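Worksheet for the structure shown next.
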Protein chains: 2
Amino acid sequence: MHISYAQAYDCASAIFWSVTAADERPDLAAMLYPLVRTLIAEEMPVLAEHDVSMWGYSVLVALDETPVRTQSALAEAIGADKSRIIGTLDELQDAGLIERTPDPDDRRVRLLSITAKGRRVRRAVRKGIRVREERLLAKLPAADRQGFLRALRALHRDK
Amino acid sequence: MHISYAQAYDCASAIFWSVTAADERPDLAAMLYPLVRTLIAEEMPVLAEHDVSMWGYSVLVALDETPVRTQSALAEAIGADKSRIIGTLDELQDAGLIERTPDPDDRRVRLLSITAKGRRVRRAVRKGIRVREERLLAKLPAADRQGFLRALRALHRDK
DNA sequence: TATTGTTATACTCTATAACTATA
DNA sequence: TATAGTTATAGAGTATAACAATA
């Protein structure tokens, strides 16, 4: 009897998997990375629908929580480089979603704040994102879901 | 009395934060993305220590679970493009961590499997990663930690 | 003709470093 | 001299498409 390499490999696959799957868990990053990818892919259509980029949205989120005095500070707050958010700020300003006014006390700095329109867009986008997040979280048992969210918030806070 | 814009903005910051922080949670991606970044940054030194790239490590992980018959299948399994992993496979093969032999039944395909040395490297890297993951997970209350890991595995499985 | 592995090309992101204007 | 914002440049990472060998 002759079995091809193809069959042998398929067979080995099944055996190896059944042995290792039960006791061990994948690395955290190996689980989290694809999850983030999926989430971002889900968010894209929502963002496109409201004509904001991902960086644009995170700027709106940051400014909705609090106005910021300098662009550098804003960049650092959202984990970006100061040179990287300039295009984003231009777009947001042109769309009337943020205000960027020179500080009379120090004409080098730009005072940044969200507009009423920007706030509306931010809320609408978040609503769309929440709907899609729900579809994902619905896969979890209620108990784990709570632990998952609490853990995530904890890790997010003191990072 | 005159207060500068700087002072006013700092003040506004404190007020806005205290109002919004309690009731709302950030978007999932907004919490997960920085977390993944941190995890990857922590893993880098471990990988460097054992002379494997991140893609190289995930190839070793995939092949340690099961040998794979074609490079395309392997690429898809780890979420990469078939053209992207070629350099990685070359490196792993040169280092003696994987074997890549032509299938006699179909000379187009390369049969892929991990070597004993590759398995040792994979185990060593994972050990280093686990140590650093522990430092992160230690921040969580035991209950949330369990829920977090269970939820993560569930989302990872049926994604 | 279709498929596997490979190479080449173009495109997006990101990081770094100059440059200006103010202080 | 140092800092905020801006622009320009180079590098890494990724995706796409073309190519040779085999089926």
Side-chain angles (χ1 to χ4, degrees), chain A residues 4-6 9-10 29 33-34 36-37 40-41 43-44 47-48 53-59 62-63 67-94 98-113, chain B residues 4-6 9-10 29 33-34 36-38 40-41 43-44 47-48 52-59 62-63 67-94 98-113:
Chain A
S4 71
Y5 273 82
Y9 269 75
D10 282 351
Y33 189 75
V36 171
R37 292 286 294 249
I40 290 178
E43 290 183 7
M44 288 310 225
L47 295 168
S53 67
M54 195 151 48
W55 285 113
Y57 175 62
S58 61
V59 165
L63 290 182
V68 169
R69 216 180 76 87
T70 73
Q71 296 184 181
S72 306
L74 175 63
E76 201 193 339
I78 65 175
D81 191 87
K82 63 171 179 169
S83 69
R84 226 167 63 192
I85 62 169
I86 291 182
T88 305
L89 295 180
D90 291 343
E91 287 168 17
L92 292 173
Q93 189 177 17
D94 290 350
I98 67 166
E99 272 181 349
R100 183 157 56 156
T101 60
D103 181 348
D105 290 357
D106 181 343
R107 298 217 304 282
R108 290 175 304 180
V109 333
R110 310 270 172 274
L111 305 170
L112 304 167
S113 59
Chain B
S4 70
Y5 272 83
Y9 269 75
D10 283 351
Y33 189 75
V36 170
R37 291 288 295 251
T38 327
I40 290 178
E43 290 183 8
M44 288 310 224
L47 294 168
V52 256
S53 67
M54 194 149 50
W55 284 114
Y57 175 62
S58 61
V59 166
L63 290 182
V68 169
R69 215 178 77 85
T70 73
Q71 296 183 182
S72 305
L74 175 63
E76 200 192 340
I78 64 175
D81 191 86
K82 62 172 181 169
S83 70
R84 226 169 61 192
I85 62 169
I86 290 182
T88 305
L89 295 181
D90 291 343
E91 288 169 15
L92 292 174
Q93 190 178 17
D94 291 349
I98 67 167
E99 273 182 348
R100 182 158 55 155
T101 61
D103 182 347
D105 289 358
D106 182 343
R107 299 218 303 280
R108 290 175 306 181
V109 333
R110 310 270 174 275
L111 304 170
L112 303 168
S113 59

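Chain identifiers are assigned alphabetically (A, B, ...) following the order of the sequence lines, protein sequences preceding nucleic acid strands; residue numbering begins at 1 within each chain. Everything numeric here is computed off the predicted structure, so don't read it as measured data.
Contact annotation: the side chain of A:Asp81 never approaches that of A:Glu76 to less than 4.5 Å [non-hydrogen atoms, C-beta and beyond]. Counting heavy atoms from C-beta outward, B:Val52 and B:Leu92 have side chains that approach closer than 4.5 Å. Within the 4.5 Å cutoff, the side chain of A:Leu47 has no heavy atoms near those of the A:Ser53 side chain. At a threshold of 4.5 Å between non-hydrogen side-chain atoms, the residues A:Pro102 and A:Arg107 do not count as touching.
For A:Trp55 and C:dT12, the shortest distance from a side-chain N or O to OP1 or OP2 is not below 4.0 Å. At least one side-chain nitrogen or oxygen of B:Arg100 sits closer than 4.0 Å to the OP1 or OP2 atom of C:dT6. The shortest distance between the side-chain N/O atoms of A:Arg84 and the OP1/OP2 oxygens of C:dA15 is below 4.0 Å.
Along DNA chain D, read 5' to 3', the first and last nucleotides having any atom under 4.0 Å from a heavy atom of chain B are D:dT14 to D:dA23.
Atom CD in B:Gln93 sits roughly 13 Å away from atom P in C:dG5 (whole-Å rounding). Look at CD1 on A:Ile86: it is 17 Å from P on C:dA17, rounded to the nearest Å. Taking atom CZ of residue B:Arg108 and atom C1' of nucleotide C:dA2, one finds them 8 Å apart after rounding to whole Å.
When all heavy atoms of A:Ser113 and A:Pro67 are compared, the pair lying nearest together is CB-CB, 4.2 Å. The two residues A:Ala73 and A:Val68 make their nearest non-hydrogen contact at CB-CG1, 3.8 Å.
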Start with the C-alpha gap between A:Leu112 and A:Glu99, add the side-chain angles, then the distance that decides, and say whether side chain to side chain contact (heavy atoms under 4.5 Å, CB included) holds. CA-CA 6 Å; A:Leu112 304 167; A:Glu99 272 181 349; over 6 Å; no
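Near DNA chain D, meaning a heavy atom under 4.0 Å away, the residues from residues 74-83 of chain B are B:Asp81, B:Ser83.
Note that the two end axes of the helix from C:dT1-D:dA23 to C:dA23-D:dT1 enclose an angle of 20°, each drawn from 5 base pairs, rounded to 10 degrees.
Salt-bridge formation is not detected for the pair A:Asp103/A:Arg108: no Lys NZ or Arg NE/NH1/NH2 atom is positioned less than 4.0 Å from an Asp or Glu carboxylate oxygen.
At a cut-off of 3.5 Å, with distance as the only test, no side-chain donor of A:Arg110 or A:Gln71 sits close to an acceptor on the other residue.
In this structure, A:Asp90 and A:Arg37 both approach DNA chain D, and ranking their closest nucleotides by distance from the 5' end singles out A:Asp90.
Between the CG atom of B:Leu74 and the CD1 atom of B:Ile85 there is a distance of 4.5 Å, given to the nearest 0.5 Å. In this structure, A:Met54 CE and A:Met44 CE are separated by 5.0 Å, a value rounded to the nearest 0.5 Å.
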